[in-house]
Every structure is written in structure tokens, then in C-alpha cells.
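Shown next, in C-alpha cells, is the structure this report addresses.
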Amino acid sequence: MTARCPICSKPADAKFTPFCSKRCADIDLSRWLKGGYAIPGRPAVDEDEAEGPNSSKTPQKQPPNEPE
């Protein structure tokens, strides 16, 4: 049984395994870089939202008011 290119289903070439050509390898790379392939999971949480009001993070001091 001959391996098939996951992009176009042509027989795979050993030089570009598992793809049949540089073109198909580049198409796959482009999909990865653009986020076309993703593993499902929980939504990402912003760090500021995750801390909440009871955060152990020390509040930053405000600079003193300058006289007018």
C-alpha cells in the first residue's frame, strides 16, 4: 500500500514525506501558521480576568498628586 499525500491524495514522495511535493508541504505549513489546525480545548482566560478582586497581587501605588 502506497502512502497518500494528506493534501491532494496523490502518492507521497519520500523526499517530501508525508507529502507528494514541496507545494503540498507548503500548503500544510501555511495552514499551521494561519491557525487552520487547532486542538480543541477550554477558552483561554486573560490574566487580568483570572486574578479577580481577591487577587494576591499587590496593588500598584498611585503617584502623588502634583500641586496645581
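Side chains are part of it too, since the values below use all heavy atoms of this structure and drop only hydrogens, waters and symmetry mates.
- Hydrophobic cluster membership for Ile27: Ile7, Phe16, Phe19, Trp32, Tyr37 (Ile, Leu, Val, Met, Phe, Trp, Tyr linked by side-chain heavy atoms under 4.5 Å, directly or transitively).
- Grouped with Leu29 in one hydrophobic cluster are Leu33, the linkage being side-chain heavy-atom contacts under 4.5 Å among Ile, Leu, Val, Met, Phe, Trp and Tyr residues.
- With respect to Cys20, the side chain to side chain contact (heavy atoms under 4.5 Å, CB included) criterion is satisfied by exactly one of Pro6, Cys8, Pro11: Cys8.
- Evaluation of the side chain to side chain donor-acceptor pair (under 3.5 Å) test over residues 13-22, restricted to residues two or more places apart or in two chains, returns Lys22-Asp26.
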